[in-house]
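Take a look at the structure set out below.
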Amino acid sequence: MVTREKILLFHLLSLALAGVLISTTWADDRLVNTSHLEMFVDELLDMPKVLGFDVLNGVPTSKSLKIGMFHKKWKFHRDLPPTPVFAYGTSNKTATVPGPTIETLHGIHTHITWRNHLPPKHILPWDPTIPTAVPKKRGIPTVVHLHGGIDKPESDGNANSWFTAGFKEKGPTWTKKKYLYHNIQHPGNLWYHDHAMGLTRVNLLAGLIGAYIIRQPDIEAPLRLPYGDEFDRPLIVFDRSFRTDGSIYMDPTGNNPSIHPQWQPEYFGDAIIVNGKAWPYMKVRRRKYRFRIINASNARFFNFSFTNGLEFIHVAADSAYLEKPVMVNAFLLAPSEIADVVVDFSRSKSDSAILVNNAPYPYPSGDPVNESNGKVMKFVINKHPEGDTWRVPKTLVKYPSADSSSASLTRYIAMFEYTSDIDEPTHLYLNGKSYEEPATEMPKVGTSEVWNVINLTEDNHPLHIHLGLFVVLDQTELVNVDEFKDCMSKINDAVKCHISKYARGRKIEVPAHEKGWKNVYKMTPGCVTKILVRFALIHSNASYPFDASAEPGYVYHCHILDHEDNVMMRPLKFIK
C-alpha cells in the first residue's frame with residue numbers, strides 16, 4: 001500500500017501543477033430542498049430522433065453521422081435555474097439531456113464520428129487518485145460506449161480510447177475518429193454513454209447519455225406491439241441533486257478524504273429525472289403504450305409500480321425480446337438495465353396514475369425512499385375510451401436455447417470491496433485484481449462459457465459484459481459466508497476455498513421477465529449467480545463477422561458507475 005499511496009500522491013501533485021484540477025469553489029453547497037419543488041409541472045419530453053440510415057430509391061443504406069458533446073444550459077424543472085450540462089447532439093442548439101434517440105435498422109451499418117466540444121475544465125469535481133484518464137495539458141477526456149452493441153473492439157468505446165476536444169489528446173488505446181456500428185444483432189434497445197477511464201460517473205452525471213434502438217420491421221411488425229409511433233416511447237430515468245443556482249450537486253469530499261479526496265462509493269440525488277425533466281407528467285390516451293425504460297442512474301435502483309394498480313407487460317429485457325410476454329405489478333431495474341414494457345391505460349379505473357419507486361439506496365440494505373425520490377412521473381389519462389389496433393401477442397421472439405452443457409469453460413468471478421481503517425470503502429475489484437493487470441478472462445470467439453459470479457460484498461452489483469449476452473441459470477445463497485470470504489481474502493481461489501461446500505443455501509428465483517438473454521444482471525450480495533455467456537450472435541449462434549480478438553479488446557464491469565471507476569472492471573480479451 002505504501003507504493004500505491006506514493007504513486008497516487010505523485011499523480012495528484014502532478015495534476016495540481018498541470019492546472020487540470022477543478023477549482024476549489026465547491027464549498028458553496030446551498031442545496032435545493034427537493035420537497036419544495038412542485039412535482040408534475042413539466043411535460044415529458046420526447047427526445048429528438050436521429051436516423052442512423054438513409055433511404056435511396058426505397059432501399060435503406062448505411063449512413064454517417066456526426067454527434068457532438070456540448071457544454072450548455074438545460075432546464076430540468078420549471079422552478080430551477082438553468083443547469084450547466086454536457087449534452088449530446090448534432091449541434092449545440094439541438095443538443096439535449098438525454099441526447100437524441102438514434103434509430104437504426106438491423107443489418108444496415110451506422111457510422112458515427114463522436115466529437116468532443118467540451119471546455120478545458122469539468123463542471124463537476126473528479127478524483128485523479130483513482131485510475132483516471134488524464135490529459136497532459138487541459139481538456140475533458142471522453143469516449144462513447146454503445147451499451148449492448150455487438151461491434152469491433154475499436155468501436156466499443158474502450159475506457160482508455162478517450163480523446164479531448166478536437167482530438168488534441170488521445171488515450172493509449174485510441175484508434176480512430178469514426179466508429180462503425182454494425183447493427184447486426186436482433187432488434188432491441190441499447191443506449192450510449194461516456195466510458196472514459198475514471199470519469200464515467202462524472203461525465204454521465206453531467207448529461208452524456210442517450211437511447212439507441214435497432215429496429216427490424218420484418219420480425220417486429222407481425223407482433224403488432226406499439227411500434228415506432230407516438231405510442232412507443234423511450235423513458236430514460238436517473239437521479240440528480242441541485243444547488244440553488246441550478247448546478248448539479250456532487251459531494252466534493254470523499255468518504256476517505258485522506259486516500260481519495262473526492263471519490264464516494266455511490267452517488268444519489270433526490271430529484272428523479274425522466275427524459276430530462278424532474279418528475280414530469282405525460283398525457284396519455286386510454287390505449288396501449290410501449291415504454292423502453294432505461295435506468296441511467298449512477299447507483300440508484302428503481303422498484304417501479306403504479307399507484308392505481310396498473311400492470312406492466314414485459315416484452316423485452318436489455319437488448320433482446322422475450323420468448324413470451326410477462327405481466328407484473330412491480331419490477332426492479334438496476335443501473336444500466338433496460339425494461340421494454342407495454343402499459344394498457346384502458347384498464348385504469350382512475351384518470352391519473354403515478355409511477356413510483358420504493359427501492360432502498362444503496363440497494364438492497366440502504367435508506368428507504370422519501371417523498372422526493374419515491375415518485376417518478378405522472379400519467380394523466382384521457383377520460384374517453386378509444387379503439388386500439390395494437391396488441392400484445394402470446395409469443396414474441398424465440399432464440400436458440402441456452403444449454404449449459406455446450407459451455408466450453410467454467411469460470412469463477414469474485415466481487416471484492418476493500419475498506420480503510422475507518423471501515424469506509426476505498427476501492428472495489430473483480431477477482432481481486434486491478435484493471436491494469438493482464439486479462440485473465442480470454443474466451444474463444446464463438447463459444448459459450450459458464451460464469452459463477454460470487455458477490456462477497458454487501459451491495460447488489462449489476463454486472464455488465466461487453467459484447468457477450470447471457471442467460472441467468474440460477475442464483476444460490478452462500479452458507480457460512482464469513483468463513484468462505486475469509487478464505488477468499490487470503491488465497492482468492494473459489495475452487496481451493498471449496499465453493500461447493502458453501503454454495504448450497506436458498507435458491508433465489510430468477511424473475512420470469514429476466515429469464516431471457518441479458519447484458520446486465522443484478523448480482524445479489526452473499527450469493528453465487530450462475531450465468532451462461534454466449535460469445536456469438538444469439539439468434540443464429542454464428543460467430544461475429546469481425547475480428548473480436550483485435551485490440552484494444554473489451555471489458556466487463558459493475559455498472560454502478562462509482563464502483564466501475566474505482567475499479568470494479570476487468571479487461572476481456574478474445575482468442576480466435
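Residues satisfying the salt bridge (Lys or Arg N to Asp or Glu O under 4.0 Å) test with Arg300, not counting sequence neighbours, are Asp239. Glu551 meets the side chain to side chain donor-acceptor pair (under 3.5 Å) test with Lys573; sequence neighbours excluded. Listed by chain and number, the residues in a side chain to side chain donor-acceptor pair (under 3.5 Å) with Asn158 are Thr173 (sequence neighbours excluded). For Arg215, the salt bridge (Lys or Arg N to Asp or Glu O under 4.0 Å) partners two or more places apart in sequence, or in a different chain, are Glu103, Asp232. Applying the salt bridge (Lys or Arg N to Asp or Glu O under 4.0 Å) rule to Lys277 yields no partners; only residues at least two apart in sequence or on another chain are considered. When the salt bridge (Lys or Arg N to Asp or Glu O under 4.0 Å) test is applied to Asp54, the partners found at least two apart in sequence or on another chain are Lys63.
In Lys66, the NZ atom is not crowded: 12 or fewer heavy atoms of neighbouring residues, nucleotides or ligands sit closer than 6.0 Å. Counting heavy-atom neighbours within 6.0 Å of Lys176 NZ, excluding the residue itself, gives a total above 12. Residue Lys170 qualifies as enclosed at atom NZ: its count of foreign heavy atoms under 6.0 Å is above 12.
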Could you check Val143 against Trp174 for side-chain contact (heavy atoms from CB on, under 4.5 Å), going step by step and ending with a plain yes or no? CA-CA 9 Å; Val143 63; Trp174 187 90; over 6 Å; no
Let's go through Leu225 and Trp390 carefully: what are the C-alpha distance in whole Å and the side-chain angles of both, what is the deciding distance for side-chain contact (heavy atoms from CB on, under 4.5 Å) to 0.1 Å, and is it a yes or a no? CA-CA 5 Å; Leu225 291 166; Trp390 297 122; 5.7 Å; no
Evaluation steps, side-chain hydrogen bond (donor to acceptor under 3.5 Å, both in side chains), between His557 and His466: CA-CA 9 Å; His557 58 85; His466 288 212; 3.2 Å; yes
Please walk me through it: do Glu323 and Val397 pass side-chain contact (heavy atoms from CB on, under 4.5 Å)? CA-CA 5 Å; Glu323 185 175 336; Val397 179; over 6 Å; no
Could you give me the CA-CA distance, side-chain angles and deciding distance for Ile413 and Tyr556, then say whether side-chain contact (heavy atoms from CB on, under 4.5 Å) is met? CA-CA 11 Å; Ile413 310 293; Tyr556 67 98; 3.7 Å; yes
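Across every non-hydrogen atom of Leu190 and Gly149, the tightest pair is CD2-N, 3.2 Å. Residues Ser434 and Glu437 approach most closely at N-OE2, 2.9 Å, considering heavy atoms. The two residues Pro84 and Ser247 have their closest heavy-atom pair at CD-CA, 4.0 Å. Closest non-hydrogen pair, Val520 versus Pro335, comes out as CG1-O, 4.3 Å. Summarising the geometry of Ile140 relative to Pro120, their closest heavy-atom pair is CG1-O, 4.1 Å, with the distance given to 0.1 Å.
The side-chain contact (heavy atoms from CB on, under 4.5 Å) with Met377 is formed by just one residue from the set Leu235, Asp42, Val237; it is Leu235.
For the pair Asp127 (side chain) and Thr129 (backbone), a donor-acceptor distance under 3.5 Å is present. With Trp263 contributing its side chain and Asp562 its backbone, the two residues share a donor-acceptor pair below 3.5 Å. With Asn275 contributing its side chain and Leu45 its backbone, the two residues share a donor-acceptor pair below 3.5 Å. For Arg534 (side chain) and Asn541 (main-chain N/O), no donor-acceptor pair under 3.5 Å exists by modelled atom type. Judged by distance alone, the side chain of Ser540 and the main-chain N or O of Ala542 form a donor-acceptor pair under 3.5 Å. Using a distance-only test at 3.5 Å, with no hydrogens or angles considered, no donor-acceptor pair links the side chain of Asn298 to the main chain of Tyr267. Tyr544 places a side-chain N or O within 3.5 Å of a backbone atom of Ala536 that can act as its donor or acceptor partner. Proximity of a side-chain donor or acceptor of Lys72 to a complementary backbone N or O of Asn92 within less than 3.5 Å is detected. Side-chain atoms of Asn431 do not come within 3.5 Å of backbone N or O of Lys433 as any donor-acceptor pair.
Between Phe331 and Phe304, the ring planes lie tilted relative to each other; the angle falls in the 30° to 60° range. Relative orientation of the His464 and His145 rings is tilted, given thresholds of 30° and 60° on the angle between their planes. The aromatic rings of Trp191 and His193 lie tilted to each other, with the angle between the two planes from 30° to 60°. Using the six-membered ring where Trp is involved, Trp451 and Phe535 have ring planes that are tilted, between 30° and 60° apart. Between His117 and Phe70, the two ring planes are parallel [angle under 30°; tilted spans 30° to 60°].
Proximity of Thr101 to Val50: side-chain heavy atoms (C-beta onward) are nowhere separated by under 4.5 Å. Side chains of Leu572 and Pro443 form a contact here, defined as non-hydrogen atoms less than 4.5 Å apart. Contact check for Asn116 versus Phe167: no side-chain heavy atoms found under the 4.5 Å cut-off. Between Asp340 and Arg290 the shortest side-chain heavy-atom distance falls below 4.5 Å. Looking at heavy atoms from C-beta onward, Tyr289 lies out of side-chain contact with Pro226 at the 4.5 angstrom threshold. Side-chain contact between Phe86 and Leu205 is absent, with no heavy-atom pair separated by less than 4.5 Å. Residues Lys73 and Val85 have side chains not in contact (no heavy-atom distance under 4.5 Å, counting atoms from C-beta outward). Counting heavy atoms from C-beta on, the side chains of Phe53 and Thr110 never come closer than 4.5 Å.
A salt bridge links Lys522 and Glu514; the closest N-O separation between the charged side-chain nitrogens and carboxylate oxygens is under 4.0 Å. Using a cutoff of 4.0 Å between basic side-chain nitrogens and carboxylate oxygens, Lys518 and Glu337 are scored as salt-bridged. Taking the charged nitrogens against the carboxylate oxygens, Lys137 and Glu169 have no contact shorter than 4.0 Å, which rules out a salt bridge. A salt bridge between Arg233 and Asp46 is present, with a side-chain N of the basic residue lying under 4.0 Å from a carboxylate O of the acidic one.
The structure places CD of Glu220 at 10.5 Å from NE2 of His106, a figure rounded to the nearest 0.5 Å. Distance OG/Ser241 to CG/Asp251: 10.0 Å, rounded to 0.5 Å. Going from atom OH of Tyr212 over to atom OH of Tyr192 covers 10.5 Å, rounded to the nearest 0.5 Å. Here the NE2-OG distance, from His147 to Ser319, works out to 7.5 Å after rounding to the nearest 0.5 Å. For the atom pair Glu449 CD and Ser408 OG, the distance stands at 5.0 Å (nearest 0.5 Å). Rounding to the nearest 0.5 Å places CG of Asp318 at 10.0 Å from CD1 of Ile294.
Aromatic pair Trp517/Tyr321: centroids not less than 6.0 angstrom apart.
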